[in-house]
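Structure first, then comments.
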Number of protein chains: 2
Amino acid sequence: MPATIRDVARESGVHISTVSRTFSAPHLVNPDTRTRVLACAEQLGYRPNRAARALITGRTFNVGLIVADIANPFFPPLIKAAESQARQRDYHIFVADSNEDAAVEEDLVRALAKQVDGILLCSPRMSNSLIELLSRDVPLVVVNRQITGLPTVVMDVAQGAGLAIDHLSGLGHRRIGLVAGPRGSWTSKEIRRSAALAARAGGAELTVFGPNPPTEHGGAAVAEQVLRSGVSAVLAYNDLMAIGLIEGLHAQGARVPADISVVGIDDIALSRLIHPKLTTVATPAAAAGRAAVDMLLAHGDDRRTTAHASLQTELVIRDSTGPGPDPHSHADPGNAAAAAPEAVASYAKE
Amino acid sequence: MPATIRDVARESGVHISTVSRTFSAPHLVNPDTRTRVLACAEQLGYRPNRAARALITGRTFNVGLIVADIANPFFPPLIKAAESQARQRDYHIFVADSNEDAAVEEDLVRALAKQVDGILLCSPRMSNSLIELLSRDVPLVVVNRQITGLPTVVMDVAQGAGLAIDHLSGLGHRRIGLVAGPRGSWTSKEIRRSAALAARAGGAELTVFGPNPPTEHGGAAVAEQVLRSGVSAVLAYNDLMAIGLIEGLHAQGARVPADISVVGIDDIALSRLIHPKLTTVATPAAAAGRAAVDMLLAHGDDRRTTAHASLQTELVIRDSTGPGPDPHSHADPGNAAAAAPEAVASYAKE
DNA sequence: AGTTCTGCTGCAAACGTTTGCAGTGAGGAG
DNA sequence: CTCCTCACTGCAAACGTTTGCAGCAGAACT
């Protein structure tokens, strides 16, 4: 029913190849012919069939975008930026949600592979080796994970976590908790690594809780354990967890930041809206989305270019952090000792 | 480079048509042959090329999903549900963001039309007539707008707005404000219509502010005007605006709900996390996403089925609403009179 | 004048599938 | 034994493009 290239050809009295060239290689056709063809096309409402084009050129002008959880407010700005950037280049974006599940993620990559020119893998939960394997089938750009040999875009969350810990130890906190993210997360490992370093440098002790689901609920669930452990400040894997944690702490009767300080990571819109306003590490999600699309598309034909982009993060100090406890009245050491094994146990788990 | 149907045929010693049937009409091929073909396909990593399939069948197994703003937390749950529902039926979803712009929206529909089997138009900003026009090119399901002659899924926000106003007038509020949404929004009109009705029934006066951009910022921007108008309670077009409004009111020194009550619409995750917890009308976004996909896909070949789904909403009373002002000490009537023209003016605008 | 070049256009093969039709052989009915 | 049916499989056309090649006219050289 819709007009095809043949209809336009017939109407404008030229061969279909000329019509084709009018669209895909305008400089090869006589200006007069071109305007005539364009007029007919316009009048017939002709739009090239992308499936047919894809069939022969092998390029679909689509890109896939796989995220762990669309409902996590960290992702929408990234998706939005990627979509807009892609659209500017006449690309469209398939968005898929892996539900934080590595197996689903793999399925999605495989399913999408045939109908896209490349895939943006955001905060993947798969193993590196699987990702490398899949990248042989379809161009991949990995966001929020460093993998040598593949193009990647990461937020320098290690730097950010370091700043956060420095901030806390600077406020006098000597026992700091880290609420880890989900199991497969590279970011979570990075944060832990960097936080541990910074804690040591600042003369503080770091206790790790997790892994946990990276949601508000995941944060709330660990609140009691955090409180029992006797830490006076906590860095959470992301804002959502930090917010959940604060809720949980309030529910347990603790005050933030008077009794315990909390720092998040991401700086989602939400973190300015809760009470207390969240101190957090701002990550440039939109910039990452744009960079990833650029990288995928620049990439072009020469597959083996493996660029790496590392985006700066920034500590945003708001109201959820305050001075550490008075050194003479701090928590019962027995309690503290009890907490240590937990930390070790969860450390070993991942 | 990737395996084609021909490779599988050669490997398993059958004709390509048999391979094709193995996948698209398994009952037509001998079980033995089928298993052999499947084995070869598996081994070669064969996946049918959807573009080629689309070319001949005319079905792409893709659907488009256009929203006004991905970053609006109302949409992600809807998108997530739609994506999941679609994936269950082996469909994939193109997500696009119109930036609240009707012209962009039209472009997106046109661009997507050729490569999807149908489009979900969520909270469109286009005119009804344009939507009807476009629906001749591509099957459309409209979400959050009632259009006769097209399949639609709406949240019964009129009912919800009525409940909200009843709640407020029940609390003794006699002068209620309505912070309207964006210009092209059907939902905003519905809310206004229903709120006006309910206000009259409850013996309250309704003052309309807007239209406004449906964002936190849009809500904050109108705070001062709301305060000056002397209303003691406000219903906002959505939670985001309600939250922005509360921020704005706080900034002006007003307390919520002591000085002024605020009700939102949507019940986004956020509304439970701010302080005070927001009283709001819960809309079933995920259910709407699923219903819309079902409708589009059930639709199938017989184009002219125009189902309508109307999803129940529900008032969730939290902490941002409280009793109305003491009748003897209410706002300066001169002030109130000054506010009325504003309302009328903005009413006429849309 | 002959030759080459240039700018444009047509021809036809190809991309990887699906699908109506025709062909095959085996088994059952008469 | 013959004929019909049935279950399966092969054949080839089609879907709407792109693109290498060839053709053709006229312009610009020699």
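Because the structure is a prediction, the values reported are computed rather than measured. Here is the naming used below: chain letters follow the sequence lines, and residue numbers restart at 1 for every chain.
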Any N/O donor-acceptor pair, B/R47 side-chain to C/dG16 base, under 3.5 Å
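When only heavy-atom distances are counted, B/R47 does not reach the base of C/dG16 through any donor-acceptor pair under 3.5 Å.
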State whether the distance check finds a donor on one side and an acceptor on the other, under 3.5 Å, for side chain B/R50 versus base C/dG16.
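No such pair is found, so the answer is no.
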With no hydrogens and no angle check, do the side chains of B/R50 and B/N62 hold a donor and an acceptor under 3.5 Å apart?
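Looking only at side-chain atoms, B/N62 and B/R50 do not form any donor-acceptor pair under 3.5 Å.
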For the residue pair B/Q115 and B/T60, confirm or rule out a side-chain donor-acceptor distance under 3.5 Å.
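Note: B/Q115 and B/T60 side chains miss the donor-acceptor criterion.
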Among [options], which nucleotide has an atom closest to any side-chain atom of [X]?
X     : options                : value
A/P31 : D/dG10, C/dT18, C/dC8  : C/dC8
A/R21 : D/dC21, D/dT9, C/dT17  : D/dC21
B/N30 : D/dT9, D/dT17, D/dC15  : D/dT9
A/S24 : D/dT18, D/dG16, C/dG16 : D/dT18
B/I16 : C/dT17, D/dT19, C/dC15 : C/dT17

Could you tell me the separation between the CD1 atom of A/I56 and the P atom of C/dG16, rounded to a whole number of Å?
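Going from CD1 in A/I56 over to P in C/dG16 covers 9 Å.
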Given atom CZ of A/R59 and atom P of C/dA14, what is their separation to the nearest angstrom?
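Those two atoms, CZ and P, are 23 Å apart.
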Could you give me the CA-CA distance, side-chain angles and deciding distance for A/S98 and A/L108, then say whether side-chain contact (heavy atoms from CB on, under 4.5 Å) is met?
CA-CA 8 Å; A/S98 72; A/L108 285 172; 4.2 Å; yes
Kindly confirm or rule out a cation-pi arrangement of B/R59 over B/F61, judged by NZ or CZ under 6.0 Å from the six-membered ring centre and within 45° of its axis?
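B/R59 over B/F61 ring: yes.
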How would you label the contact of [X] with the nucleic acid (heavy atoms, under 4.0 Å): base, sugar-phosphate, or nothing?
X     : value
A/S17 : base
B/T4  : sugar-phosphate
B/S20 : base
A/F23 : nothing

Parallel, tilted or perpendicular: which one describes the rings of B/F23 and B/Y46, with boundaries at 30° and 60°?
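Plane angle between 30° and 60°, so tilted.
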Within the pair [X] and [N], is there a side-chain N or O less than 4.0 Å away from OP1 or OP2?
X     : N      : value
B/T33 : D/dT9  : yes
B/H15 : D/dC11 : yes
B/T18 : D/dG10 : yes

Name the residue closer to the 5' end of DNA chain D, choosing between B/R36 and B/A52 according to the nucleotide with the nearest heavy atom.
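Nearest-nucleotide comparison on DNA chain D picks B/R36.
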